[in-house]
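In what follows, chains are A, B, ... by sequence order, proteins preceding strands, each numbered from 1.
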Amino acid sequence: MSATARLPRKRFYRARAHSNPLSDSHFPVPICPSDVDFASHYPQFSGNPMVRFADVGCGFGGLLVALSPLFPDTLIIGMELRDKVTEYVKDRIHGLRPTNPGHYNNISVVRTNSMKYIPNYFHKAQLSKMFFLFPDPHFKEKNHRRRVISPHLLDEYAYVMQLGGILYTVTDVDELGDWMKSCLQNHPLFEPVGEDEITTDPVVKLLTSATEEGQKVARNGGQTFMAIYRRVASKED
Amino acid sequence: MEEVLIEESESGNSCTDEAAPALIAVHPTESSVVVAVGSELRVFDLKGDSAVSPLDELGGPHHSASIRAISFSSDGELFASAGDDKIIKIWKTDSWNCIRTVQSEKKVSAVSISQDSQYVTFADKFGVVWIVSLKEDRDTKAVPILGHYCSIITSMKFSPDGRFIATADRDYKIRITVFPRNALKGAHEIQSFCLGHTDFVSCLAFVCSQDQSKGFLLSGGGDLTVRLWDYISGSLLYTCALDDKAGILEASEIEENDKRAVTDICASSDGSLISVAVQGFNGVMLLSCDLVAKTLSFVKNVSMEKSFIPTSLVLVSSKERLWTVMGASNLTSSDLNNNNQRLLTRVRIISFLQKDPLDSCSRDPALLEDSQVPGGEKLLMQLQGCLDAAAQEAAFAAAAAAVRTSLQNMMIKKQYSVERRELRKRNRNDKKIKS
């Protein structure tokens with residue numbers, strides 16, 4: 001809990017851009033979703049609060065902060081592997097809440113490895129939105145298995161998502177964009193969201209504008225590649 | 001990091017020094033018994049009362065490295081074996097011919113045959129489960145169907161109705177996945193996660209209620225508990241902690257501070273009889289499951305001779321017999337006169353005679369003497385490698401310790417000190433060299 005309401009300065013939270021998802025960093029892991037004390041993350045929400053949106057690899061929290069006012073009654077969690085970056089996001093949220101009474105109470109962050117522990121945090125069909133913004137491309141072929149979107153991991157993301165829920169991905173690396181689109185296209189539990197729906201979804205433009213990464217890409221005039229898919233039922237009878 | 005360590009030793013030889021536990025499997029009608037120890041498959045045909053040498057036209061009858069997983073199909077017609085040689089062999093059990101050899105990219109930690117005997121699945125050391133269809137051409141490669149990210153799968157079982165496949169890993173998780181009709185396309189629909197173990201999960205066994213309407217799963221793990229799950233919903237129904245169960249501490253050969261783990265579990269299909277093997281305990285623990293009340297209760301311990309710590313169990317429901325084996329890939333005779341250093345195992349059987357046919361709780365477990373064992377001396381000679389295995393106490397004690405160490409190495413992530421971690425990071429070969 002930050003002593004003052006001042007917003008954190010990024011340079012005090014310097015961290016490497018890459019973290020090894022194969023490594024077991026030393027953070028507590030809940031045994032099961034019921035063990036997670038989400039109530040402490042969202043003190044203004046009483047009862048048994050259910051998180052509905054997850055920002056996987058939330059970085060410095062840009063998307064969380066942008067989503068918060070658009071969905072004031074929805075609980076949103078960011079998940080981040082890097083220790084210092086998670087601390088930054090915590091301090092950022094704790095700095096925003098007192099200076100904006102009634103706002104930013106619906107966002108929070110946990111430090112965790114989403115590639116290993118998503119089923120530990122969320123019940124079946126709990127989430128209505130999942131975000132994967134500018135994930136680490138892991139260019140070398142031997143490192144492709146470290147990519148956060150993969151055929152096997154999509155099984156787990158599908159498990160925690162509701163039918164009709166939407167999974168958003170964006171990257172400025174075209175090879176990764178092709179990869180993610182291909183994984184989603186080939187997965188039987190995801191179908192592409194139609195163009196007309198994408199244009200009317202208020203969240204879509206945040207994918208490229210809300211985060212530091214997205215703003216950097218825009219500054220450099222880079223291209224971005226999105227793949228937005230809906231969680232659907234299995235076709236098997 | 002642990003992952004790097006495993007990759008390095010794939011080509012090195014430190015892993016081959018790890019003691020692999022001996023495994024036992026019995027045909028559902030008890031027509032044959034198989035003990036896998038080290039790289040050998042020892043088969044005894046009880047119906048024909050003779051030892052059998054499995055035939056593989058490609059090479060010898062055995063694997064070339066420690067066998068880590070074996071399984072009969074539920075109808076008993078097929079048998080699968082796989083292990084550290086990265087090869088899965090599928091055998092027809094009438095002739096003991098190898099009908100298919102499948103190549104894996106990594107060492108194999110679990111193998112299973114689907115209920116309709118159409119598919120064989122195997123799990124590799126990276127946590128990926130692969131599948132081959134037995135209806136396909138022999139040369140067709142295996143395809144991946146699901147994965148436990150960066151974990152080792154310790155147990156893999158199909159549900160009795162064949163609709164689901166359960167996989168357990170060393171990261172405390174059990175995943176229940178829908179096994180689709182066209183399984184070659186992958187098993188993408190997760191039915192549930194059974195989360196609750198506070199340490200690695202080592203073994204799984206399915207039980208089902210009378211009317212088959214509810215699905216139950218038993219699991220054992222490094223937290224020394226046996227848990228009962230409703231696997232359709234993933235809910236934990238009951239936890240039976242074994243550390244305070246009668247006699248286990250005194251009987252155990254492990255010091256109190258050492259971690260103990262459940263290493264194997266098998267159950268009668270109605271759950272009335274559950275046998276559990278625990279590290280350091282020279283015998284089996286018997287539990288019982290009440291499927292209506294959804295509880296587990298401790299029944300009793302059956303102690304065996306000192307130093308006999310079972311490494312694998314199998315229950316033959318039709319004959320009311322529990323077959324147990326103890327052995328390891330580094331357990332050889334200490335008899336110096338014997339030039340032919342065969343790997344030793346010890347086979348013991350517990351018979352469950354029901355005194356009162358109407359009361360299943362009146363089962364009285366009786367440890368069979370060697371003279372009472374089906375197949376007698378012939379079977380013991382074939383499966384154990386000798387007849388006086390009971391006399392090799394010291395060797396068995398050493399093997400038990402070695403198996404325990406190798407399980408810990410595989411299941412528990414090594415914790416390095418900060419200095420050692422930094423040293424390992426510095427010596428990693430994918431970093432840029434600082435000038």
Side-chain angles (χ1 to χ4, degrees), chain A residues 16 18-26 28-36 113-126 138-140 142-143 145-161 163 183-184 186-190 231-237, chain B residues 1-7 126-129 143-151 163 167 169-183 185-199 223 232-236 412-416 418 421 424-425 428 430-431:
Chain A
R16 288 170 64 229
H18 304 281
S19 202
N20 185 352
L22 300 180
S23 156
D24 251 3
S25 322
H26 301 279
V29 178
I31 290 292
C32 64
S34 318
D35 277 4
V36 187
N113 184 343
S114 322
M115 294 170 76
K116 291 193 79 156
Y117 303 120
I118 277 205
N120 297 61
Y121 281 92
F122 306 115
H123 299 279
K124 187 173 188 178
Q126 179 174 338
H138 292 294
F139 290 107
K140 292 186 201 168
K142 71 175 169 92
N143 289 338
R145 63 200 172 96
R146 302 188 193 184
R147 287 177 167 171
V148 71
I149 297 283
S150 75
H152 293 317
L153 285 171
L154 282 175
D155 294 352
E156 294 193 4
Y157 307 151
Y159 170 80
V160 297
M161 288 189 76
L163 288 183
C183 288
L184 284 159
N186 291 332
H187 198 283
L189 301 179
F190 287 100
R231 165 54 159 119
V232 297
S234 166
K235 299 287 189 296
E236 285 242 335
D237 5 278
Chain B
M1 208 269 124
E2 187 84 316
E3 288 303 303
V4 175
L5 193 62
I6 291 171
E7 278 185 85
F126 266 32
V128 179
V129 175
V143 292
I145 57 165
L146 64 90
H148 283 230
Y149 189 69
C150 280
S151 196
R163 286 172 59 211
T167 40
D169 68 24
R170 73 163 176 183
D171 287 293
Y172 322 179
K173 290 203 177 81
I174 300 166
R175 169 176 157 167
I176 310 291
T177 314
V178 172
F179 190 70
R181 232 173 299 126
N182 188 357
K185 293 222 167 101
H188 296 285
E189 193 182 348
I190 301 174
Q191 175 65 29
S192 73
F193 278 96
C194 297
L195 304 178
H197 274 285
T198 56
D199 210 321
D223 55 5
I232 302 288
S233 65
S235 24
L236 173 59
I412 293 162
K413 288 248 180 209
K414 292 188 171 68
Q415 300 292 340
Y416 295 106
V418 180
R421 238 186 291 151
R424 288 167 62 81
K425 276 192 198 171
R428 229 166 53 185
D430 57 1
K431 272 193 94 164

Considering only heavy atoms, which portion of A:His187 lies under 4.5 Å from any heavy atom of chain B: side chain, backbone, both, or neither?
side chain

Heavy-atom distance under 4.5 Å to chain B: side chain of A:Asp35, backbone, both or neither?
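No part of A:Asp35 comes within 4.5 Å of chain B.
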
Shortest non-hydrogen separation from [X] to [Y] and the atoms involved:
| X | Y | value |
| --- | --- | --- |
| B:Val128 | A:His152 | CG1-NE2, 3.8 Å |
| A:Arg146 | B:Tyr149 | CA-OH, 3.5 Å |
| A:Lys116 | B:Asp171 | NZ-OD2, 3.5 Å |
| A:Tyr117 | B:Lys173 | CD2-NZ, 4.1 Å |
| B:Glu189 | A:Leu189 | CA-CD1, 4.0 Å |

Heavy-atom cut-off 4.5 Å, strictly under: side chain, backbone, both or neither for [X] against chain A?
| X | result |
| --- | --- |
| B:Ile145 | backbone |
| B:His197 | backbone |
| B:Tyr172 | side chain |

Distance, nearest 0.5 Å, that separates CG of A:Asn186 from NZ of B:Lys185
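Here the rounded value is 11.5 Å.
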
For A:Lys124 and B:Gln191, indicate whether the former's side chain and the latter's backbone hold a donor-acceptor pair under 3.5 Å.
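Between the backbone of B:Gln191 and the side chain of A:Lys124 there is a qualifying donor-acceptor contact (under 3.5 Å).
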
Quick check for you: among B:Pro144, B:Ala187, B:Pro180, B:Gly186, which has the greatest number of heavy-atom pairs under 4.5 Å with chain A?
B:Pro180

So if I apply the side chain to side chain contact (heavy atoms under 4.5 Å, CB included) rule between B:Leu195 and each of A:Pro30, A:Cys32, A:Ser34, which one comes out positive?
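By the side chain to side chain contact (heavy atoms under 4.5 Å, CB included) criterion, B:Leu195 pairs with just one of A:Pro30, A:Cys32, A:Ser34: A:Cys32.
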
Considering residues at least two apart in sequence or located in another chain, which fulfil the salt bridge (Lys or Arg N to Asp or Glu O under 4.0 Å) criterion with A:Arg231?
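Here no residue qualifies.
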
